[in-house]
Structure formats: structure tokens, C-alpha cells
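Numbering of residues begins at 1 and proceeds along the displayed sequence.
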Amino acid sequence: MRCCLAILALTSLVACGDRASVRLGAAASLSAVLPAALGDADVEVVYGGSGELAAQLRHGAPFDALLLASPAPLARTAGAGLTTAPTAAIGNLLVLASRTPDGPTDPASALRRAGCLALGAPGVPAGDYARRWLADLDHDAVRLVELPHVRAVAAAVETGACPLGMVYATDLRGRDLHAIARWEPDDEVGPVYAWALVKASPRAEAAKALLEAALDRRDVFAAHGFRRVTVAR
């Protein structure tokens, strides 16, 4: 597999080689698991923020398919006639993360004690999910630090820039972070990844076959902390 790692970088599309391969735009939070799920498939992957990848497609980026951390940006590209309707793929869990396992495990108490919370900016799926969670909590006294993607949120907590951050459970892997609370809503509102095909792509069917084969590797995704979804397809 030829894989281009490009976080929010449209210019990397040009550097990824010839167009015989399927070109996939994928959420940055999939960068650890997707290579294993794709195996030796002939595919070029551009990783980035879900909203940014959808925006790149709207501005003419030559993707064949997108696999994003929320159906919402794909619903908008589908509404614009650029992609097929989103298909739910895999799920994740949102967690309130800290550098230490000590302190309150009640989210509201932890937020009051911390005084600062890092989360994704509006349009970043993990940040949008976090705002749904915050709507049910007393967080008026908490300073929100909005960052461009969930990996930046994890880094802010890990370096001590903010004592708490809302990230995906899968972002804790390989980091010195601890989940002090978890948000486990049903699949209608929780973190769900979805894919869609680019309608103008001559490789749409190849992209579909590739994605279906990769997403069928449920053992691989489960080993990285992702969960199955039960929403209707």
C-alpha cells in the first residue's frame, strides 16, 4: 500500500503518485488503524480533519472516496451533489482525558476543578460531540480551548497546556493519558464514522470495494479500540 500522510495539506495530493490508485481522504483519528485494515491495497490515503477534507473536496481535490469521523460533513457534500449519501461504518467513544488518574471521576466536578478544557473547534467532529456532552453538564466556569483537530487536543492535555480534554477513546493509545469519564450515547448521536463515494470519480466502484473490504476487518478496528455500530444502513 502506498500511503500519503497529510494532515490538512492539500498540496500533498499532488505528491502522492499517479492517479491509477484509489485516493481516499480519511479522518486523522484513523491514521493508526487504517493502514492495517487496508493491507496491500493499491490506495493513496490523505489524513486530515473531517471538515477540512470535505472542504478540500468542495474545492476540487481529486478524492475517490471519503471516510470521515462524522456523517455530518458527508451529508453536506451529498446535498451538494458531490458524493453519495453517507454510510455508517464504525464507532468510537468520547472520553474526558487527563494526564493523571487521580481526581474527581464525576465529569462536572472534574471540570470545575480543572478550570480549563481542550476540545475540537466547531466543525471538528470530536468537538461537536463534546459540546453535546457539555450541554448536560455544569461547565459555565470552565475556560474552553478550541483546537483544530482531536490529536491537538490530546497533545494539549499530554503536555499540560490544559488539564482536561475531550478526545476519542482510541486517542489514548500510546499516550500518557487516562480516561476519567466516558460518554456512551446510542449510535444515533454518538461518535460514528461514515464513508461516501465521490460521484464524479471514475474509480468510485473500486473505492467502494476497497472500503468495504477494509471495514470488514472488524478484528483490526476492535483491536485499536473502535466499536461496531448498529445504526440502520
Practice item. Using side chain to side chain contact (heavy atoms under 4.5 Å, CB included) as the criterion, point out the one residue from Leu74, Val198, Leu197 that pairs with Thr84. Key: Leu197

Review point. Does Tyr193 reach the side chain of Leu215, with side-chain heavy atoms less than 4.5 Å apart?
Key: no

Point to revise | Greater than 12 external heavy atoms within 6.0 Å of Arg143's CZ | key: no

Check your understanding: To the nearest 0.5 Å, how far apart are CG in Leu30 and CZ in Phe226?
Key -> 5.0 Å

Check your understanding: Is there a chain of hydrophobic side chains (I, L, V, M, F, W, Y, each step under 4.5 Å between heavy atoms) that links Val124 to Leu119?
Key -> no

Point to revise | Polar side-chain atom of Arg131 near backbone of Gly127 as donor-acceptor pair, under 3.5 Å | key: yes

Practice item. Determine yes or no for a side-chain-to-main-chain donor-acceptor pair under 3.5 angstrom, with Thr105 supplying the side chain and Ile180 the backbone. Key: no

Do any side-chain atoms of residues 153-161 form donor-acceptor pairs under 3.5 angstrom with protein atoms, and if so which ones, sequence neighbours left out?
residue : atom : partner : partner atom : Å
Glu158  : OE1  : Arg175  : NH1          : 2.9
Glu158  : OE2  : Asp176  : N            : 3.1
Thr159  : OG1  : Ala155  : O            : 2.9
Thr159  : OG1  : Ala156  : O            : 3.3

Check your understanding: Minimum heavy-atom separation for Lys199 to Thr83, with atom names?
Key -> CE-O, 3.3 Å

**Study point:** Side-chain donor or acceptor of Ser50 paired with backbone N/O of Ala69 under 3.5 Å
**Key:** yes

Exercise for review: Return the minimal non-hydrogen interatomic distance between Val220 and Ala36, and the atom names on each side.
Suggested key: CG1-CB, 3.8 Å

Review point. Distance-only, no hydrogens or angles: does the Arg227 side chain make a donor-acceptor pair with backbone N or O of Asn92 under 3.5 Å?
Key: yes

Check your understanding: Would you find a donor on one side and an acceptor on the other, under 3.5 Å apart, between the side chain of Asp64 and the backbone of Arg23?
Key -> yes

Point to revise | Spacing of CH2 belonging to Trp195 relative to NZ belonging to Lys208, to within rounding of 0.5 Å | key: 5.5 Å

